[in-house]
Amino acid sequence: MPSPTPPSQRKQDSELLFKGAICALIGAIVLLGPYVARSPDMREIMRQAYLAGWFALILGCAFLVRYGLNRWRSQGRR
């Protein structure tokens, strides 16, 4: 019977999931912000931050993919 995942690995995986979800959420908010903002000044500010929004979204998705690969690999060992 395989040994269970060490607590430190589970903690690292849950932190990776949390970081990925938060980064992706921030990126999505920054990218969608200009379409829902009511103030014209706020729309302009958010339009200027589109590059940071894309970076956060891609980074968050990369973290989530890494989390998924870690889970898939750990399922394969069992």
Colleague: How long is the span from the CG atom in Asp41 to the CE atom in Met46, to the nearest 0.5 Å?
Modeller: 13.0 Å
Colleague: Could you check whether any side-chain heavy atom of Trp54 comes within less than 4.5 Å of a side-chain heavy atom of Leu31, counting everything from C-beta outward?
Modeller: yes
Colleague: Count I, L, V, M, F, W, Y as connected when their side-chain heavy atoms are under 4.5 Å apart, and connections chain through other members. Are Tyr35 and Ile29 then in the same cluster?
Modeller: no
Colleague: Phe63 and Cys23: which non-hydrogen atoms are nearest, and at how many Å?
Modeller: CE1-SG, 4.4 Å
Colleague: What distance separates Leu59 CG from Lys19 NZ, expressed to the nearest 0.5 Å?
Modeller: 10.0 Å
Colleague: Could you tell me which non-hydrogen atom of Ala37 sits nearest to which non-hydrogen atom of Arg43, and how far apart they are?
Modeller: O-NE, 2.6 Å
Colleague: Which value, rounded to the nearest 0.5 Å, describes the distance between Gln48 atom CD and Glu44 atom CD?
Modeller: 5.0 Å
Colleague: Let me check something: do Ile22 and Tyr67 share a hydrophobic cluster, defined by ILVMFWY side-chain heavy atoms less than 4.5 Å apart, either directly or through other members?
Modeller: no
Colleague: Which atom names give the shortest non-hydrogen contact between Leu57 and Ala24, and what distance separates them?
Modeller: CD1-O, 3.6 Å
Colleague: Find out if a path of hydrophobic residues (ILVMFWY) with successive side-chain heavy-atom gaps under 4.5 Å connects Phe55 to Leu64.
Modeller: yes
